[in-house]
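Structure first, commentary second.
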Protein chains: 2
Amino acid sequence: MKKKSVTIKDIAKEAGVSIATVSMIFNNKDKNISQGTRDRVMNIAKLHNYIPNSMARSLVTKRTKTLGLILPDIVNPFFPEIARGAEDKARESGYSIIICNTDDNLEQEDRYIEILTEKMVDGIIFTHSADRNNTNSGLERCRVPIILIDRDYDSDNVKGKVLIDNGEASYKGVIHLIEKGYRKITYIAGSLNTQTAKDRLKGYRKALEDNGIEFEEKYIKVGEYRSLWGMEAVTLLFEEGVDFDAIFCGNDLIAIGAMKKLKEFGKRIPEDIGIMGFDDIYMASLVEPELTTIKQPNYEMGHKAAQMLIRAIEGNEKNTESKIILETELVVRKSS
Amino acid sequence: MKKKSVTIKDIAKEAGVSIATVSMIFNNKDKNISQGTRDRVMNIAKLHNYIPNSMARSLVTKRTKTLGLILPDIVNPFFPEIARGAEDKARESGYSIIICNTDDNLEQEDRYIEILTEKMVDGIIFTHSADRNNTNSGLERCRVPIILIDRDYDSDNVKGKVLIDNGEASYKGVIHLIEKGYRKITYIAGSLNTQTAKDRLKGYRKALEDNGIEFEEKYIKVGEYRSLWGMEAVTLLFEEGVDFDAIFCGNDLIAIGAMKKLKEFGKRIPEDIGIMGFDDIYMASLVEPELTTIKQPNYEMGHKAAQMLIRAIEGNEKNTESKIILETELVVRKSS
DNA sequence: CAATTCAAGTTAAACGTTTAACCAATTTCA
DNA sequence: TGAAATTGGTTAAACGTTTAACTTGAATTG
């Protein structure tokens, strides 16, 4: 543990060259170094297992080759794929990723942005939480480029966005339910204070309207993005005596919880009640009946976000605020 | 983006003090600084939104307040909770976490260890992959303390381990199946080349032996820790005409896949076939029927590992190689 | 009242790199 | 043959901190 680590100086001394020479060799700026010297230095370095100290390097280059990934909760199965996509792209380009869970807590987000700038990450991928007043959040004060995933927001620091069209997605989901013959379609939402959630509600209402189905307040239940809430919401619907024949859910977790509770109430799916989720987490195809849902390309979102970020970092920073809307896909399975 | 960041020097100049003074104030080594100066410096710092550069700091202190977390795949639902537990503990103590997915690939592991030492992490939490020859792996060459999670291994650099007793866990799982009256118990394993897997097999065999049930090779199917393999393995068992009345699975994913396939074959669970998983991922209680399984305290494992690691880093390094064996718990639900 | 301690700082070296600017010896070219 | 270009390097400053050692003037002590 206290093994003193070998530095560029040691290598230089042993090879009988200046440290600049060693540095250049290690950075492939070695056109002006003879093959002999190069080999000698490399051998000595290998022998002593020399690993350059990237603190020292970063101090002068102002690049850490590290990215921050801020998301609500890695335990929510929606996020690991995003993280994985981002990590894969990052590694490919020589970057590492620091992961930060915020539990959708604004203070925690700000705190993390501060920590990350202190650690000098080169950029941040950010799934930010609900409504932020754009006065003086950490997001505004941040000094590195930010790419937003999944949830939209406008700010100077935001150099790119990777989103889906939530309105269109939920629209086509509800249309599918209507085509299947369902008419009394409830909506169990996870929240209503992100733009994402609002857009989805809009899509839901538009689908109803376009088909001459009247929207009713009592069809909407708002809670959180967890299976437990799906179960509670179904119980609530029954208790309130709401008459319904389908449920459109804010995400798959809610849908899976709802299905479980429906079965407990003796309902058959999809005969009595149709169910539709959102996200297409891997579990969606493993539950009984397999869940019809809207697939979000999570891995790709993470991957694309990392790609945009790295481009923003390394590119000749022509304020390239870009925005990618990825396609969602209606995945029809057995629950509808 | 190119906003030149304000340094300690700027603050010092504006406050009319030396940089040492500012540094001391920021590090709470300020017993010898008057309240007046302290306030003045703090105000100026806040005004300019001064954030210390931790590269520069780390360069002299040799501490980065960053940990590495190396695991096979964050998408596997077994790992996010570990990651979360580790992150929570880390944050609490002022550390950040760099996450690394290896896909159980040995070269990737070594590569990551190298990257992490280059980035000067203070320590590493590591769920290493299958059989490593202890000759010259990155694990041996690593210069920072390592805590192992879930999978055992011996090395000088390993300063601690957080494990469960896999033999005892699977033993009690199989005993439960036997008590429920099952006798022809197959075992769908995820792999057999980790010590973890071997121990589980041992527990399985011992449980059979202790109850006078003969062990049969054909009962064992070895594949990978995925639902798809669970489905395939069940198909295989039927194709081979194996006569069985219960399945002990290497993890919950396998169990969920197996259940799905069994239902397709028209088997009733638990009446015709009993199923037991391993891990207790959150999905286990949401599938139909709810899955009986062995609960691993994942969050706690991550949390404990981070705690041990931080202790090893900050403690007066009395070679405190420690080993924690956490308790597993048999969770009896509807599938057995 | 001289010697000592204390308060409130300052100075300067060190951490391990990168990189622009420089240099000497040799080779090329017109 | 002399100027220019190339080869194979070297020197030294800079990056932004921390920290041990030093300083200076005022207060305390015996």
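In the text below, chain A, chain B and the rest are named by the order of the sequence lines, each starting its count at 1.
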Of K13(A), K9(A), M24(A), which meets side-chain contact (heavy atoms from CB on, under 4.5 Å) against I19(A)?
K9(A)
Report the relative orientation of the aromatic rings in H303(B) and Y299(B); use parallel for angles under 30°, tilted for 30 to 60°, perpendicular for over 60°.
parallel
Whole angstrom value for the distance that separates P of dG9(C) from CG of D39(B):
12 Å
Could you pull out all residues at least two apart from S34(B) that satisfy side chain to side chain contact (heavy atoms under 4.5 Å, CB included)?
T37(B)
In whole angstrom, give the distance that lies between atom CG of L59(A) and atom C1' of dT18(D).
13 Å
note: K29(A), atom NZ; dA21(C), atom C1'; distance rounded to Å ~ 16 Å
Return the value, rounded to whole Å, for the distance between atom NZ of K65(B) and atom C1' of dT17(D).
16 Å
Mind calculating the distance between CD1 (I11(B)) and P (dG16(D)) to the nearest angstrom?
13 Å
Can you tell me if Y50(A) touches the phosphate of dT17(C), counting only side-chain N or O atoms and a distance under 4.0 Å to OP1 or OP2?
yes
Has E107(B) got more than 12 heavy atoms of other residues, nucleotides or ligands less than 6.0 Å from its CD?
no
Indicate yes or no for a side-chain donor-acceptor contact from T21(B) to the backbone of I33(B) under 3.5 Å, with no hydrogens or angles considered.
no
Hey, is the main chain of E81(A) close enough, under 3.5 Å, to the side chain of N298(A) for a donor-acceptor pair?
no
Of all the nucleotides listed (dT18(D), dT19(C), dG16(C)), which has the minimum atom distance to the side chain of S23(A)?
dT19(C)
When the rotation axes relating C1' atoms of four end pairs to the next four are compared across the helix from dC1(C)-dG30(D) to dA30(C)-dT1(D), five pairs an end, they differ to 10° by 40°
Answer yes or no: does a side-chain N or O of K62(A) lie under 4.0 Å from OP1 or OP2 of dT18(C)?
no
Is any side-chain heavy atom of I313(A) closer than 4.5 Å to one of Y95(A)?
yes
Euclidean distance, atom CG of residue N53(A) to atom C1' of dG16(C) [Å, nearest integer]:
6 Å
Quick check, are the ring centers of F126(B) and Y153(B) under 6.0 angstrom apart?
no
Expressed in angstrom and rounded to an integer, what is the separation of I8(A) atom CD1 from dT17(C) atom C1'?
6 Å
Can you figure out which of dT19(C), dT18(D), dG16(D) approaches the side chain of T61(A) most closely?
dT19(C)
With B for base contact, S for sugar-phosphate-only contact and - for none (protein heavy atoms under 4.0 Å), nucleotides 7-14 of chain D reads -BBBB---
Is a donor on one side and an acceptor on the other found under 3.5 Å between the side chain of N76(A) and the backbone of F78(A)?
yes
F26(A) CZ to dT19(C) C1', straight-line distance once rounded to whole Å:
17 Å
